[in-house]
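Structure, as structure tokens:
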Amino acid sequence: MNKQEKWTSLHDRMERLSNMVDQLDLERTEVEDIDRMILMLEELEEKCRQYRREEE
């Protein structure tokens, strides 16, 4: 995967996570759901760091 593809993929994943947050039903959302989203966000953050290191 080239540099542009990596960043595009990362952006797409961020968009999906954002959509998930937007669609949350506060009446039905459980702690486990929030935990999964936090984990996803942490994984995205780590990918950003990794891609930045690769570019240096």
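Numbering starts at 1 and runs along the sequence shown. In this text the structure is predicted, and so the values were computed from the model without any measurement.
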Between [atom1] on residue [X] and [atom2] on residue [Y], distance to nearest 0.5 Å:
| X | Y | atom1 | atom2 | value |
| --- | --- | --- | --- | --- |
| M20 | L41 | CE | CG | 11.0 Å |
| D35 | E30 | CG | CD | 11.0 Å |
| L17 | I38 | CG | CD1 | 10.5 Å |

Side-chain (S9) to main-chain (E5) donor-acceptor, under 3.5 angstrom:
no

So, does S18 use its side chain to make a donor-acceptor pair with the main chain of M14 at under 3.5 Å?
no

Side chains of T8 and H11, heavy atoms from C-beta outward: is any pair under 4.5 Å?
no

Side chain proximity check, R16 to M40, heavy atoms < 4.5 angstrom:
no

How far apart are the closest heavy atoms of [X] and [Y], and which atoms are they?
| X | Y | result |
| --- | --- | --- |
| V21 | M37 | CG2-SD, 3.8 Å |
| K6 | M1 | CE-O, 3.5 Å |
| E55 | W7 | OE2-NE1, 2.6 Å |

Can you hop from I34 to L39 via hydrophobic side chains spaced under 4.5 Å?
no

Begin with the C-alpha distance, continue with both residues' side-chain angles, and end with the deciding distance and a verdict on salt bridge (charged side-chain N to carboxylate O under 4.0 Å, His left out) for R49 and E45.
CA-CA 6 Å; R49 285 190 195 112; E45 183 179 25; 2.9 Å; yes

For atom CZ of R53, decide whether the heavy atoms of other residues, nucleotides or ligands shown that lie under 6.0 angstrom number more than 12.
yes

How far apart are the C-alpha atoms of E46 and Q50, what are their side-chain angles, what is the distance that settles it, and do they pass the side chain to side chain donor-acceptor pair (under 3.5 Å) test?
CA-CA 6 Å; E46 179 55 36; Q50 176 186 347; over 6 Å; no

I'd like to know if R36 and E32 make a salt bridge, using a cut-off of under 4.0 Å between side-chain N and carboxylate O.
no

